[in-house]
Amino acid sequence: MMPLSMARMGETITVARLHGEGPVKRRIMDMGITKGVEIFVRKVAPLGDPMELNVRGYELSIRKAGAEMIEVV
């Protein structure tokens, strides 16, 4: 397992676990990122921040700090 921030462009990965507390974790879940969901990494900025993802059929941009809280397989 690794954090989402380590995923490479073009990879399809599966969410294994969410870290974080309270409102931060709730915000991630409200974006559709929950355990077991598949994420396709569309683009990664040169410095890794932000990442453009395809989650549940829609596009989502997430900052590196948020991606660190998402553990993927």
Side-chain angles (χ1 to χ4, degrees):
M1 287 194 264
M2 64 180 182
L4 175 60
S5 59
M6 299 294 289
R8 303 268 182 248
M9 188 168 67
E11 279 186 310
T12 299
I13 37 104
T14 304
V15 177
R17 186 173 163 190
L18 296 176
H19 298 283
E21 297 281 323
V24 176
K25 187 173 181 178
R26 170 57 47 197
R27 197 181 100 242
I28 291 171
M29 292 174 74
D30 287 346
M31 289 187 280
I33 300 172
T34 56
K35 184 178 178 179
V37 75
E38 285 191 350
I39 297 175
F40 176 70
V41 182
R42 285 184 37 114
K43 295 179 190 172
V44 179
L47 297 175
D49 195 17
M51 300 176 76
E52 191 174 302
L53 312 171
N54 195 311
V55 181
R56 298 179 189 252
Y58 69 93
E59 292 179 12
L60 170 71
S61 290
I62 190 167
R63 292 219 166 264
K64 196 171 187 175
E68 289 285 334
M69 295 181 204
I70 304 165
E71 204 168 305
V72 296
V73 187

Minimum-distance pair of heavy atoms, taken over all atoms of G32 and V55: O-CG1, 3.7 Å
Cluster check L60, V44: I/L/V/M/F/W/Y, side chain < 4.5 angstrom: yes
For the student: nearest non-hydrogen atoms of V41 and A7, plus distance: CG2-CB, 3.8 Å
Residue pairs, two or more places apart or on separate chains, that pass salt bridge (Lys or Arg N to Asp or Glu O under 4.0 Å) and touch residues 16-39: R26-D30
Pairs flagged by side chain to side chain donor-acceptor pair (under 3.5 Å) wherever residues 5-16 is involved - sequence neighbours left out: S5-E68
Results of salt bridge (Lys or Arg N to Asp or Glu O under 4.0 Å) for E52 - residues two or more places apart only: R42
Hphob cluster co-occupancy, M6 + I13, side-chain heavy atoms under 4.5 angstrom: yes
Spacing of I70 atom CD1 and L53 atom CG [to the nearest 0.5 Å]: 7.5 Å
Heavy atoms of other groups near M2 CE, more than 12 under 6.0 Å: yes
Shortest non-hydrogen contact between D49 and A45, atoms and distance: O-CB, 3.5 Å
CG-CE distance between L4 and M51, expressed to the nearest 0.5 angstrom: 4.5 Å
Atom of L18, atom of T34 and distance for their closest heavy-atom approach: CD1-CA, 4.5 Å
